[in-house]
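Every value quoted in this text rests on a predicted model; they were computed, and no experiment measured them. In what follows, every heavy atom counts, from backbone to side chain, and hydrogens, waters and symmetry copies are set aside.
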Amino acid sequence: MLDMLEKPYSEHIDDSKLDDDAQAVPAPAVVYDAVFARGTMLKVDLTLLPLLTLVYMCSSLNNTFYFISYAPFMVPFALLGKRTRMAKVLSFCAIGWGIAATCFASTNSFAGSYACPFFVGLGEASFSPLIQVSCRSSIPGGR
């Protein structure tokens with residue numbers, strides 16, 4: 001291997017194997033068998049589609065637990081942020097959001113995989129409304 005690195009590039013090409021009279025070999029003709037293709041697609045559909053459907057349903061179930069906490073707590077967190085120091089509420093919820101998202105990586109059970117999105121949604125529920133209020137209050141004349 002080291003001797004290949006020391007040789008110039010032109011010496012790596014073996015000219016003895018190249019033949020000027022050699023012709024390109026034509027590619028074999030592709031034969032399309034409609035019955036075989038239909039059977040193959042049926043097998044793929046019967047094995048892959050149920051699996052993808054199950055994964056999609058589990059994904060929506062996971063999002064359901066996220067929205068169960070996200071939707072009802074958006075307004076209370078926005079009101080809490082307006083009545084108290086917004087930075088403290090936003091910091092507290094951002095830390096909770098980060099902890100819940102980090103804990104999601106170490107779940108070992110179905111209960112944990114459903115509880116973590118709930119707490120992620122709880123932490124994220126304050127982010128959107130409080131950031132909007134914070135941006136609006138920082139614009140002159142936007143209070």
Side-chain angles (χ1 to χ4, degrees), residues 1-18 22-143:
M1 184 77 182
L2 290 176
D3 63 335
M4 288 179 63
L5 296 175
E6 295 172 2
K7 292 181 185 177
Y9 180 75
S10 61
E11 292 181 20
H12 290 285
I13 300 173
D14 188 9
D15 291 334
S16 64
K17 294 183 180 177
L18 297 177
Q23 295 180 353
V25 178
V30 177
V31 178
Y32 179 74
D33 185 10
V35 175
F36 176 74
R38 191 176 314 124
T40 303
M41 287 306 296
L42 180 65
K43 286 179 185 178
V44 168
D45 288 345
L46 291 178
T47 55
L48 192 60
L49 286 179
L51 179 67
L52 290 175
T53 303
L54 181 67
V55 169
Y56 183 75
M57 286 174 48
C58 289
S59 172
S60 1
L61 183 63
N62 195 13
N63 288 340
T64 302
F65 284 102
Y66 168 79
F67 284 113
I68 286 174
S69 63
Y70 183 82
F73 286 104
M74 257 175 85
V75 173
F77 277 130
L79 294 174
L80 181 67
K82 286 186 83 167
R83 297 217 184 263
T84 61
R85 294 196 59 193
M86 193 178 320
K88 284 188 178 184
V89 175
L90 190 58
S91 300
F92 176 74
C93 289
I95 289 170
W97 179 12
I99 290 171
T102 304
C103 290
F104 199 15
S106 64
T107 58
N108 294 328
S109 65
F110 285 116
S113 64
Y114 292 135
C116 284
F118 179 82
F119 290 111
V120 167
L122 192 63
E124 201 172 330
S126 69
F127 186 76
S128 178
L130 289 180
I131 288 296
Q132 290 174 6
V133 169
S134 175
C135 289
R136 182 169 168 94
S137 64
S138 65
I139 298 172
R143 295 177 190 235

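- Side chains of F104 and P117 form a contact here, defined as non-hydrogen atoms less than 4.5 Å apart.
- Atom-to-atom distance recorded for C116:SG and F65:CZ is 12.0 Å, nearest 0.5 angstrom.
- Between Y70 and F67, the ring planes lie perpendicular to each other; the angle is over 60°, past the 30° to 60° tilted range.
- Taking all atoms of both residues into account, the shortest heavy-atom contact from A78 to P129 is CB-CB, 3.7 Å.
- Going from atom CZ of F119 over to atom CD of E124 covers 15.0 Å, rounded to the nearest 0.5 Å.
- With values rounded to the nearest 0.5 angstrom, F92 atom CZ is found 10.0 Å from L80 atom CG.
- Minimum interatomic distance between P76 and P72 (heavy atoms only, all atoms of both residues): CD-O, 3.1 Å.
- Put simply, CG on L79 and OG1 on T84 are 10.5 Å apart, with the number rounded to the nearest 0.5 Å.
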- Query: Would W97 and V120 count as a side chain to side chain contact (heavy atoms under 4.5 Å, CB included) if you check the C-alpha gap in whole Å, the side-chain angles of each, and the deciding distance to 0.1 Å?
  - Reply: CA-CA 5 Å; W97 179 12; V120 167; 3.7 Å; yes
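- Between L90 and I131 the shortest side-chain heavy-atom distance falls below 4.5 Å.
- Remark: side-chain polar atoms of T107 are not paired, donor with acceptor, to backbone N or O of G112 under 3.5 angstrom.
- Contact detail for T102 and G98: the closest heavy-atom pair is OG1-O, 2.7 Å.
- Contact record, M74 with A125: CG-O, 3.3 Å, taken as the closest heavy-atom pair.
- Scanning both residues, S126 and C93, for their nearest heavy atoms gives OG-CB, 2.8 Å.
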